[in-house]
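See below for the structure under consideration.
Everything numeric here is computed off the predicted structure, so don't read it as measured data. Numbering starts at 1 and runs along the sequence shown.
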Amino acid sequence: MRILIYSYNYYPEPIGIAPLMTELAEGLVKRGHEVRVVTAMPNYPERQIYEGYRGKLYFTEYKNGVQIQRSYVWIRPQPNLLDRVLLDASFVVTSFLPALAGWRPDVILSTSPSLPVCVPAALLGWLRDCPVVLNLQDILPEAAVHVGLLKNKLLIKVFAGLEKFAYRTASKISVIADGFVENLLSKGIESSKIEQIPNWVDVNFIRPLSKENNPFRVAHNLNSKFVVQYSGNIALTQGLETVVKAASVLRHIPEIAFVIVGEAKGLQRLQQYCLDCGADNVLLLPFQPREHLPQMLAAADVGLVVQKKNVISFNMPSKIQVLLASGRALVASVPENGTAARAIRQSGGGVIVPPEDHEALAMAILELYKHPEKVKTLGYNSRQYAVEQYAFEHALNHYENLLYSVTADSQAIESKVVSKQEV
């Protein structure tokens, strides 16, 4: 098959959708498929185009057999509403030319966010007469409205219209959790159009490693510590202030250390908050190179998943699969009825506490600190569940079968049309 992946985020961006789409594209190439990716110049999470890609309108490169076609986007480090609109609009416009100029795909896989990408993907599918599979990593504009990112009534209407257009023009919609399925069914989308494929983790790359002589622990003087670690986005939906407050509650126990790994701007904000709270037991570090990720995760005793109260119930952070695969106990400060809580509960690898409740978070961490055997049991359960439910090969099989099925359906429809014309 010739597969076009239309994704705003891709390698070398370190978090979010980018690593997932990179692994999927490269996995499909290893299965013998021809894959090209239409994407933006890398800019996330710093929100500025990476050095080496600046000053270019278009740039094509190859990595592990994947053709990557990059295009310029309007990006600002601290975007206002207009900047966000221009970001999406610029990618819609600039990406379409390389998408159209390349070879004809048998199928297009379009990821959301960014939602406006559904327009060029649908147009390309129509022009090239090939099916489009919409991969939903989040449901917009609902999620953005819920957390207050999107307030403009006109833009909400525009994005709601785009959402309907995306669902209508897609041959199939792949979703990452059961909460997404429920949401789409409530909007009148036929169940036959929805395919649930959880996000995955490379369980051979992310794996349990010893804390003894761990390079990350050694480098940051953590060898004798009970390490509580958060790594990922520092944005509106997380509320890392809860973690800092929990750390301040436990600062009288010198053996407990908190480590927060994230982008520079978010860390700067948290640094001041740590000073205000007297949380001198929090270590703030920038994102680590991807090749160091397994050792970094293995340095932790406990991995954190944090969400605010107002995060919409179907939100499913991709870090959950990664933490589970690392074989560490999880503490999740997330909404009780949400998809994230459900997944962690099913894994048997973590503890759920109410969101934005720093006292509850601190007590859950203290409980694990006092009971190392429970930490070990939760970590074992985490790894087992990740291998059984989230291994990359399972997801790759599922995506490959889905892409084959939509191309077969498309060919069958074409055959019927040709037969009718001949009659």
Side-chain angles (χ1 to χ4, degrees), residues 206 208-212 214 216-234 238-262 266-267 270-271 273-274 277-288 293-308 317 319-320 322-334 340-341 344 347 349-383:
I206 304 296
L209 298 170
S210 175
K211 286 188 295 183
E212 300 298 321
N214 179 284
F216 187 87
R217 277 182 165 255
V218 171
H220 300 291
N221 299 315
L222 296 169
N223 266 339
S224 60
K225 304 289 187 179
F226 182 85
V227 177
V228 181
Q229 185 184 99
Y230 174 88
S231 175
N233 215 354
I234 302 173
Q238 280 78 36
L240 268 296
E241 291 80 5
T242 303
V243 176
V244 173
K245 283 186 188 175
S248 70
V249 171
L250 298 173
R251 67 181 181 272
H252 64 285
I253 306 174
E255 290 80 17
I256 300 179
F258 286 74
V259 177
I260 298 176
V261 182
L267 293 176
L270 284 181
Q271 187 170 32
Y273 199 75
C274 287
C277 293
D280 55 3
N281 53 347
V282 178
L283 179 63
L284 302 173
L285 296 171
F287 280 122
Q288 307 296 297
L293 185 58
Q295 290 289 357
M296 184 194 82
L297 294 170
D301 293 275
V302 170
L304 294 178
V305 180
V306 188
Q307 293 178 325
K308 284 189 172 180
K319 69 166 56 65
I320 290 175
V322 174
L323 290 173
L324 291 172
S326 70
R328 293 299 182 257
L330 275 67
V331 175
S333 174
V334 298
I344 293 168
S347 74
V351 178
I352 311 296
V353 299
E356 298 183 66
D357 185 338
H358 67 278
E359 290 283 353
L361 179 58
M363 291 307 102
I365 291 165
L366 182 61
E367 175 74 8
L368 292 177
Y369 168 69
K370 290 178 176 178
H371 297 91
E373 285 304 313
K374 184 175 182 181
V375 174
K376 191 178 292 185
T377 300
L378 291 173
Y380 176 82
N381 293 344
S382 291
R383 176 65 183 180

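In terms of the ring pair (Phe, Tyr, Trp, His ring centres under 6.0 Å) criterion, residue partners of F226 (sequence neighbours excluded) are, by chain and number, Y369. Among residues two or more places apart in sequence or in another chain, the salt bridge (Lys or Arg N to Asp or Glu O under 4.0 Å) test is passed with E373 by K376. When the side chain to side chain contact (heavy atoms under 4.5 Å, CB included) test is applied to P317, the partners found at least two apart in sequence or on another chain are V305, Q307, N315, K319, I320, A340. For Q229, the side-chain hydrogen bond (donor to acceptor under 3.5 Å, both in side chains) criterion is met by no residue, not counting sequence neighbours. With sequence neighbours excluded, no residue forms a side-chain hydrogen bond (donor to acceptor under 3.5 Å, both in side chains) with N281. With sequence neighbours excluded, no residue forms a ring pair (Phe, Tyr, Trp, His ring centres under 6.0 Å) with H358. In this view, K374 satisfies the salt bridge (Lys or Arg N to Asp or Glu O under 4.0 Å) rule with no residue, not counting sequence neighbours. With sequence neighbours excluded, no residue forms a ring pair (Phe, Tyr, Trp, His ring centres under 6.0 Å) with Y230.
Note on residues 351-370: no pairs pass salt bridge (charged side-chain N to carboxylate O under 4.0 Å, His left out), not counting sequence neighbours. For residues 217-232, the salt bridge (charged side-chain N to carboxylate O under 4.0 Å, His left out) pairs, not counting sequence neighbours, are R217-D301.
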Output a table of donor-acceptor pairs, distance under 3.5 Å, between side-chain atoms of residues 239-253 and any protein atom two or more places apart or on a different chain; print 'none' if there are none.
{"residue": "T242", "atom": "OG1", "partner": "G239", "partner atom": "O", "Å": "3.4"}
{"residue": "S248", "atom": "OG", "partner": "K245", "partner atom": "O", "Å": "2.6"}
{"residue": "R251", "atom": "NH1", "partner": "S248", "partner atom": "O", "Å": "2.6"}
{"residue": "H252", "atom": "ND1", "partner": "V249", "partner atom": "O", "Å": "3.2"}

### Message
Before you tell me yes or no, could you show the steps for L297 and R328 under side chain to side chain contact (heavy atoms under 4.5 Å, CB included), namely the whole-Å CA-CA distance, both residues' side-chain angles and the distance that decides it to 0.1 Å?
### Response
CA-CA 8 Å; L297 294 170; R328 293 299 182 257; 5.8 Å; no

